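Notes for the one structure printed next.
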Amino acid sequence: MKHKKKTTDRLISIIIAILSLAWVAPLLVVILNSFKKKAYIFKNPFGISSKPLSSGFEKWSHGIEKCFAGLLNYKNALNKTDMLRSFGWSLMITVGSVVLIVLCTSMCAWYITRVRNVITKGIYVLCLFSMIVPFQMVMFTLSKFANILHLGNPLGIIFVYLGFGAGLAVFMFTGFVKTIPIEIEEAAYIDGCTPLQTYFLVVLPILKPTAITVAILEAMWIWNDYLLPSLVLNVNKYRTIPIAIQYLKQSHGQIDWGAMMAALVIAIFPIVVFYMICQKSIIQGVTAGAVKG
């Protein structure tokens with residue numbers, strides 16, 4: 001029985017490993033092609049040279065030298081898209097939006113859970129309803145109101161993201177707040193804490209695992225979002241990374257694919273690093289929450 005279970009576990013591990021390659025392979029292809037010249041990206045997208053190994057090492061190495069553009073693609077990507085400025089705008093919008101979403105929605109979820117009346121139930125239903133409504137139904141109205149309220153700037157779009165990201169965040173925080181014993185908060189009140197002190201000193205630290213999960217989901221969405229900034233922001237002044245990458249597409253449909261691949265690598269790298277750093281915290285938080293009394 002144990003031998004059969006070990007065999008099944010190994011088989012599952014092999015299947016999962018193969019599936020993981022299916023997700024990793026496109027990323028590796030993008031990284032590889034970010035160092036190639038434009039012609040060779042289409043000629044041999046999955047290889048590292050236009051010369052086969054059988055033709056000899058010298059010819060193969062010459063093929064690599066001929067095929068690869070090296071860091072020139074990254075230089076072109078930075079210069080043609082003004083990537084550093086776009087990186088700054090994306091970083092500001094993403095960090096500001098995520099902090100505001102986590103703070104406001106966790107407070108809202110705590111209030112909804114602890115104060116039960118018709119108003120809080122209505123707020124919760126509206127948050128859930130916002131997750132159901134497709135963005136395409138409201139994007140033109142949103143663009144009009146954003147223009148009227150002068151939200152077409154990096155600071156204004158942060159509040160727009162708060163509205164769109166609140167539904168999922170409130171739903172996740174509400175589920176976790178329900179598992180927090182109310183006696184902990186009552187003890188804080190007895191010790192003289194105000195509601196705000198109770199939230200920041202007691203509730204928010206307990207919400208850490210959910211807050212990190214929400215932060216990762218919202219950050220990945222906001223960092224890679226193209227549609228909302230293109231509708232709200234003045235793209236002539238404020239270009240996020242996805243919008244800047246789009247400007248690599250020249251007239252008549254011509255695209256510098258080498259610079260495009262390099263720009264994609266630059267765009268992907270920060271969010272992947274952020275996810276890898278926070279992944280350990282998520283696992284630790286879930287493990288701690290599993291034994292929480």
Side-chain angles (χ1 to χ4, degrees), residues 23 26 86 89-113 115-178 210-249 253 263-264 267-268 271 274-275:
W23 272 270
S86 299
W89 290 128
S90 289
L91 185 64
M92 173 187 169
I93 293 170
T94 302
V95 172
S97 300
V98 169
V99 171
L100 195 63
I101 289 172
V102 170
L103 188 63
C104 294
T105 57
S106 60
M107 282 185 177
C108 179
W110 181 50
Y111 181 79
I112 288 173
T113 305
V115 180
R116 298 181 181 180
N117 53 39
V118 177
I119 295 176
T120 56
K121 288 181 180 179
I123 294 173
Y124 185 66
V125 170
L126 288 175
C127 289
L128 295 181
F129 183 72
S130 68
M131 298 169 57
I132 302 173
V133 178
F135 176 75
Q136 290 77 5
M137 290 182 61
V138 298
M139 64 181 186
F140 293 110
T141 307
L142 169 69
S143 178
K144 180 65 175 178
F145 273 94
N147 186 39
I148 294 173
L149 298 174
H150 304 288
L151 299 178
N153 55 76
L155 184 61
I157 198 175
I158 289 175
F159 294 96
V160 179
Y161 274 121
L162 171 61
F164 277 99
L168 177 62
V170 168
F171 175 74
M172 295 181 65
F173 277 121
T174 301
F176 194 87
V177 171
K178 290 179 180 178
T210 305
I212 294 175
T213 304
V214 170
I216 289 178
L217 294 175
E218 301 291 355
M220 293 178 67
W221 161 52
I222 295 170
W223 181 268
N224 297 313
D225 187 30
Y226 172 82
L227 186 56
L228 190 57
S230 65
L231 289 172
V232 176
L233 290 179
N234 181 355
V235 294
N236 294 323
K237 295 177 62 177
Y238 312 108
R239 295 179 185 176
T240 58
I241 288 180
I243 294 176
I245 293 175
Q246 178 66 19
Y247 275 79
L248 285 172
K249 186 176 181 180
L264 290 174
I268 292 170
I271 202 67
F274 174 70
Y275 178 81

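As the structure is a computational prediction, the values presented were derived from the model and not from experiment. Starting from 1, each residue takes its place in the sequence as its number. FYI, side chains are in, hydrogens and waters are out, and symmetry mates aren't considered; it's all heavy atoms of this structure.
Remark: I148 CD1 to S143 OG distance equals 10.0 Å, nearest 0.5 Å. In this structure, S97 OG and F159 CZ are separated by 9.5 Å, a value rounded to the nearest 0.5 Å. Atom OG1 in T105 sits 9.0 Å away from atom CG in L168 (nearest 0.5 Å). Put simply, CD1 on I271 and CE on M220 are 6.5 Å apart, with the number rounded to the nearest 0.5 Å. Here the straight-line distance linking atom OG1 of T210 with atom CD1 of I212 works out to 9.5 Å at 0.5 Å rounding. Here the CD1 atom belonging to I93 is positioned 7.0 Å from the CD1 atom belonging to I158, to the nearest 0.5 angstrom.
Side-chain N or O atoms of S106 include one that pairs as donor or acceptor with a backbone N or O of L103 at under 3.5 Å. Proximity of a side-chain donor or acceptor of S90 to a complementary backbone N or O of W223 within less than 3.5 Å is not detected. Although no hydrogens or angles enter the test, the distance criterion places no donor-acceptor pair under 3.5 Å between the side chain of T113 and the main chain of V177. A donor-acceptor distance shorter than 3.5 angstrom exists from the side chain of S230 to the backbone of L227, with no hydrogens or angles considered.
Residue-environment remark: CD1 (I119) stays at or below the threshold of 12 foreign heavy atoms within 6.0 Å. Residue F274 places its CZ atom among more than 12 non-hydrogen atoms of other residues, nucleotides or ligands, all under 6.0 Å distant. Heavy atoms of other residues, nucleotides or ligands lying less than 6.0 angstrom from CZ of F135 number more than 12.
Summarising the geometry of Y226 relative to Q246, their closest heavy-atom pair is OH-CG, 3.8 Å, with the distance given to 0.1 Å. Of all heavy-atom pairs between I123 and C108, the closest is CG2-SG, 4.0 Å. Contact record, K237 with W89: O-NE1, 3.9 Å, taken as the closest heavy-atom pair. Looking at every heavy atom in both residues, F173 comes nearest to A109 through CB-CB, 3.4 Å. When all heavy atoms of I243 and P229 are compared, the closest pair comes out as CD1-CB, 3.7 Å.
With E218 as reference, I101 is the one residue of I101, V99, V102 to meet the side chain to side chain contact (heavy atoms under 4.5 Å, CB included) rule.
For residues 118-142, every residue pair satisfying the side chain to side chain donor-acceptor pair (under 3.5 Å) rule, not counting sequence neighbours, is listed here: N117-T120. Within the structure, every pair that satisfies the side chain to side chain donor-acceptor pair (under 3.5 Å) test and touches residues 152-171, not counting sequence neighbours, is listed here: Y161-D225.
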| task | Show the numbers, then the answer: is there a side-chain contact (heavy atoms from CB on, under 4.5 Å) between L142 and L231? | result | CA-CA 8 Å; L142 169 69; L231 289 172; 5.6 Å; no

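Residues V138 and F164 are in side-chain contact: their nearest non-hydrogen atoms beyond the backbone lie under 4.5 Å apart.
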